[in-house]
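Quick caveat, the model's predicted, so the values are computed rather than measured. Quick note on labels: first sequence line is chain A, next is B, and so on, each numbered from 1.
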Amino acid sequence: MSEEEAINKHFIYEAIVGDLETGRFKEVITRFPPEPNGYLHIGHAKAFSIDFGMAQAFGGYCNLRMDDTNPEKEDTEYIEAIKKDIHWMGYDWKNFCYASDYFDTLYGYAIQLIEKGLAYVDDLKPEQMREFRGTLTNPGKESPNRNRSVEENLDLFHRMKAGEFEDGAYVLRAKIDMAHPNLNMRDPVMYRIKHMEHHRTGNAWCIYPSYDFTHGQSDSIEGITHSLCSLEFEDHRPLYNWFCEQLEIFHPRQIEFSRLNLTYTVMSKRKLRTLVEENYVAGWDDPRMPTLCGMRRRGYTPNAIKLFLDKVGVTKFNSTTDIALLEHCVRQDLEVTAYRRMVVLDPLKVVITNFPEETEFYEGENLPSSPEYGSRKVALTREIYVEREDFMEDAPKKFFRLSVGREVRLRYACYITVNEVIKDDLGNIVELRATFDPESRGASTPDGRKVKGTIHWVSASQNVPVEVRIYDRLFTVESPEAVEDGQDWLDSINPESIAQVSAFAEAAIADAEKGAIFQFERKGYYILDDSTEGQKMVFNRTVALKDGWSKKASQ
RNA sequence: UGGCCGAUGGUGUAAUGGUAGCACGACGGGUUCUGGCCCCGUUAGUCAAGGUUCGAAUCCUUGUCGGCCAGCCA
């Protein structure tokens, strides 16, 4: 179920096998190249699981490289968060690098291309550049500067670097083919002028290389054999290859796969940022966010995420995975790892009238399927709380819970039967009176009679009051990004994606450490929030248990 | 009406010229000290049309539909 599981032999795996067989490469070295301008989400987790996973599968290694070629957008704040999230997922990199480590080398490469007559300095304004580029259906026009002499290009490029020009005054472009059907090949920009401090190189540079002129060469410098990326870079592969060929440097192979999309959420960095900045959520690590830090706070485990990614697979098909699959995977993981505890979320008092004054203690196994994990003592007293929804006055025949005259098992403890319903002046049920069968202590009876229903409960006097945040899907529609005309994607945010209730937990919960995940029996999985302030514990609901009853009842 | 890529049940995928399988979901049943887990069953698919072949999801052609590309973003 974990790392021992056979690896997915997807098309990239097969491609690598092929490369090893033909001798194109002798080893497998990959890289994960995030831009440090946001937090990692589960889509990134798919990407880096492929990067690290393929390296691992073939006995190679993977580098972590910050793609920091644009000082406008990047921030060191994100770098530590990115490292933390990758480590959390259980991966480690061989080398930690920055694209900015290669600025000197890249500058040298640019000069080589100029000298070969394959790059030129252009002073076309951005609007002109757009005009000259042509359109999808029409070829572009060559810039009047395209045939500058090598000497002049060299001089201008040096002066660009020396800071003689304003932002945008000049760019360095590759000289390829203005009529190329792939627009990326129509003399793409290699360097632009930005008088801006860089988080690592400070003010050493006022020209910065573009993605296209950085990525492949960075891969090459690091000896990356397989540069795995998402589908939108397919169109850039010819350019990636062109630079490697013209520069005559080590030539990695770029292979593209489709990104992960999930129903009921959004995955674009821009939209996630909007949710955070416009306070639709409490932050990047809000448990409703698909960010790794959000999912961590929500109670998703690395193993659950890996299980999920494994089921999603790796293809070139643009797909949207049902979030129900992710939810299934967390349940699958937590089912066998999360200790059971009883917590009543919507309390209704029950007085067991024939119960002694003394507290009785029963054993509740932490993990009923694995007794070796031990048990805890559960206190039963004369007054207890049960879930309000577990009582019904006019109950249908199939309602296997509390109702007057119906015997029900208190989990781990004994059998009780409600015989009186107490209401307030408004007719609201405020308390139940019940009796227990002394013979049923231990949750079974000598006569072996069956009780169909078992409910969870908590002592009314020996419990721990806790706060519980019940999270649900962030959006009410499957595809929040597919907005109709006149609608805004923000309109479909689920107003009920968070609800907070005060609950009573059994005493054993008091020992829980932050980040501990429990199954609140019959309800769902909950994690003790890191930010738990004061003495009252706060739990976040990871996911509800499947509920066959409410499904049936609602039909 | 440019280029590149893609298309298998509702969803995500497997089958690499030889019985279309798995998982999720949905539905029905069994079991049960969690209406959970587990077990059993049902549902439902090769985008279309031609061609190659003894045989095509797979190869070829054409078409249809979908994605990406006209940042001095990545």
Side-chain angles (χ1 to χ4, degrees), chain A residues 8-11 14 33-35 37 67 69-70 72-74 99 122 124-126 129-131 133-140 167-173 180-186 188-194 207-208 210-212 214-215 229-238 256 258 263 269 308 310-329 331-332 335-336 340 342 364-365 368-369 398-401 409-413 415 442-444 451-456 478 519-524 544-553:
Chain A
N8 235 334
K9 291 189 168 35
H10 46 68
F11 80 101
E14 298 297 352
E35 187 184 14
N37 71 344
D67 215 338
T69 58
N70 187 352
E72 275 174 44
K73 299 171 62 181
E74 292 139 13
D122 201 356
L124 248 35
K125 297 287 155 277
M129 184 114 44
R130 198 178 320 124
E131 279 173 40
R133 187 158 29 231
T135 67
L136 295 177
T137 47
N138 298 315
D167 285 10
Y170 290 96
V171 291
L172 181 71
R173 303 177 70 178
H180 199 106
N182 180 343
L183 304 217
N184 291 125
M185 300 298 272
R186 319 243 261 227
V189 169
M190 295 162 58
Y191 268 93
R192 69 279 210 192
I193 301 173
K194 279 181 199 283
I207 57 171
Y208 292 95
S210 64
Y211 166 84
D212 285 308
T214 305
H215 204 95
C229 61
S230 46
L231 249 30
E232 67 270 29
F233 293 101
E234 245 166 345
D235 283 348
H236 293 251
R237 179 155 31 93
E256 313 84 14
S258 63
T263 56
K269 222 176 246 185
F308 169 72
D310 194 59
K311 287 178 197 288
V312 168
V314 181
T315 68
K316 296 183 72 116
F317 177 60
N318 275 297
S319 61
T320 301
T321 300
D322 191 340
I323 200 160
L325 183 61
L326 214 209
E327 293 171 346
H328 168 262
C329 291
R331 290 193 190 101
Q332 187 184 332
E335 161 70 21
V336 294
R340 309 294 131 115
M342 294 197 289
E365 283 173 320
S369 57
K398 295 259 188 203
F399 185 76
F400 305 129
R401 309 184 193 179
R409 175 187 290 111
L410 294 184
R411 179 114 164 116
Y412 304 122
Y415 299 171
S444 63
V451 272
K452 193 71 177 148
T454 298
I455 62 170
H456 62 283
E478 251 188 51
Q519 184 195 103
F520 291 178
E521 293 208 64
R522 303 206 308 132
K523 299 305 289 182
L545 246 34
K546 282 210 283 188
D547 184 355
W549 167 250
S550 73
K551 199 183 286 175
K552 190 179 293 178

Which part of the nucleic acid, if any, lies within contact of A:Gly442, taking any heavy atom under 4.0 Å across all strands shown: a base, the sugar-phosphate backbone alone, or nothing?
-> base
Roughly how far apart, to the nearest Å, are B:U43 and B:G21 at atom P?
-> 13 Å
Less than 4.5 Å apart, any side-chain heavy atom of A:Glu335 and any of A:Gln519?
-> yes
How does each nucleotide of nucleotides 3-10 of chain B score, in 5' to 3' order, for protein heavy atoms under 4.0 Å: base (B), sugar-phosphate only (S), or none (-)?
-> B-SSSS--
Using the test side-chain hydrogen bond (donor to acceptor under 3.5 Å, both in side chains), find all partners of A:Tyr208 that sit at least two apart in sequence or belong to another chain.
-> none
Return the set of residues passing side-chain contact (heavy atoms from CB on, under 4.5 Å) with A:Ser319 (not counting sequence neighbours), or none when no residue passes.
-> A:Phe317
If you look at every strand shown and take non-hydrogen atoms under 4.0 Å, does A:Thr315 touch a base, only sugar-phosphate, or nothing?
-> sugar-phosphate
Check the pair A:Arg522 / A:Ile455 against side-chain contact (heavy atoms from CB on, under 4.5 Å), numbers first and verdict last.
-> CA-CA 8 Å; A:Arg522 303 206 308 132; A:Ile455 62 170; 3.6 Å; yes
Taken to the nearest whole Å, NZ/A:Lys311 to C1'/B:C22 is 9 Å
Under 3.5 Å, is there a donor-acceptor pair between the side chain of A:Arg331 and the main chain of A:Ala544?
-> yes
Expressed in angstrom and rounded to an integer, what is the separation of A:Glu478 atom CD from B:U11 atom P?
-> 9 Å
Checking all strands, does A:Thr214 fall into the base, sugar-phosphate, or nothing category for heavy-atom contacts under 4.0 angstrom?
-> nothing
Determine the Euclidean distance between corresponding C1' atoms of B:C37 and B:G30; express it in Å to zero decimal places.
-> 14 Å
Nearest-Å distance once atom C1' is located in both B:G50 and B:A56 | 13 Å
Applying side-chain hydrogen bond (donor to acceptor under 3.5 Å, both in side chains), name anything that partners A:His236, two or more places apart in sequence or on another chain.
-> A:Asp212
Short N/O separations, protein against nucleotides 35-38 of chain B, under 3.5 angstrom:
unit_1, atom_1, unit_2, atom_2, d
B:G35, OP1, A:Arg522, NH1, 2.7
B:G35, O2', A:Gly548, N, 3.4
B:G35, O2', A:Trp549, N, 3.3
B:G35, N7, A:Arg401, NE, 2.9
B:G35, N7, A:Arg401, NH2, 2.9
B:G35, O6, A:Phe400, N, 2.8
B:G35, O6, A:Arg401, NE, 3.3
B:G35, N1, A:Lys398, O, 2.9
B:G35, N2, A:Lys398, O, 3.4
B:G36, N2, A:Glu335, OE2, 2.8
B:C37, OP1, A:Lys546, NZ, 3.4
B:C37, O2', A:Glu335, OE2, 3.3

Counting distance only, does the side-chain N/O of A:Asn182 pair as donor-acceptor with the main-chain N or O of A:Asp235 below 3.5 Å?
-> yes
Whole-Å C1' distance, B:U8 and B:A57 | 7 Å
Which comes earlier along RNA chain B counting from the 5' end, the contact point of A:Val312 or that of A:Ala413, where each point is its nearest nucleotide?
-> A:Val312
If the C1' atom of B:G9 is compared with that of B:C22, how far apart are they to the nearest Å?
-> 12 Å
Measure the distance from CZ on A:Phe11 to C1' on B:A14 and round it to the nearest whole Å.
-> 15 Å
Pairwise C1' distance, B:C69 and B:A74 [rounded to whole Å] | 14 Å
Intra- and inter-strand pairing of RNA chain B, written as dot-bracket with Watson-Crick and G-U pairs under 3.5 Å and | for the latter, reads .((((((..((((....[..)))).(((((.......)))))....(((((..]....))))))))))).....
Nearest-Å distance for atom pair CG/P, residues A:Leu325 and B:A23 = 12 Å
Which value, in whole Å, describes the distance between the P atoms of nucleotides B:A26 and B:U19?
-> 32 Å
Report yes if the side chains of A:Pro188 and A:Tyr211 come closer than 4.5 Å at any heavy-atom pair, otherwise no.
-> no
Per the O4'-C1'-N9-C4 / O4'-C1'-N1-C2 angle with a 90° window around 0, B:G71 comes out syn
Going by heavy atoms in the side chains, are A:Val314 and A:Asn8 under 4.5 Å from each other?
-> no
What's touching nucleotides 70-74 of chain B from the protein side, N or O pairs under 3.5 Å?
unit_1, atom_1, unit_2, atom_2, d
B:A70, O3', A:Arg133, NH2, 3.4
B:A70, O2', A:Arg133, NE, 3.0
B:G71, OP2, A:Arg133, NH2, 3.0
B:C72, OP2, A:Arg133, NH1, 3.1
B:C72, N4, A:Leu124, O, 3.0
B:C72, N4, A:Gly168, O, 3.1
B:C73, OP2, A:Arg192, NE, 3.1
B:C73, OP2, A:Arg192, NH2, 3.0
B:C73, OP2, A:Lys194, NZ, 3.3
B:C73, O3', A:Arg192, NH2, 3.1
B:C73, O2', A:Asn70, ND2, 3.3
B:C73, O2', A:Lys73, NZ, 2.9
B:A74, OP1, A:Thr69, OG1, 2.6
B:A74, OP1, A:Arg192, NH1, 3.3
B:A74, OP1, A:Arg192, NH2, 2.8
B:A74, OP2, A:Tyr211, N, 2.9
B:A74, O3', A:Asp67, OD2, 2.9
B:A74, N6, A:His236, NE2, 3.0

Sequence neighbours excluded, the answer for side-chain hydrogen bond (donor to acceptor under 3.5 Å, both in side chains) partners of A:Thr320 is none
In whole Å, what is the span from the CG atom of A:Asp310 to the C1' atom of B:C24?
-> 14 Å
Could you list the residues that satisfy side-chain contact (heavy atoms from CB on, under 4.5 Å) with A:Lys73, not counting sequence neighbours?
-> A:Glu35, A:Asn37, A:Asn70
Let me know the distance between CD of A:Glu256 and C1' of B:G67, rounded to the nearest Å.
-> 13 Å
Any residue meeting salt bridge (Lys or Arg N to Asp or Glu O under 4.0 Å) with A:Arg133, in chain and number order, not counting sequence neighbours | none
side-chain hydrogen bond (donor to acceptor under 3.5 Å, both in side chains) filter on A:Glu478, not counting sequence neighbours, yields none
For A:His456, which residues count as a ring-ring contact (aromatic ring centres under 6.0 Å, His included) partner, sequence neighbours excluded?
-> none
Heavy-atom side-chain contact between A:Arg401 and A:Trp549 under 4.5 Å = yes
For atom P, what is the distance between B:C59 and B:A15, given to the nearest Å?
-> 13 Å
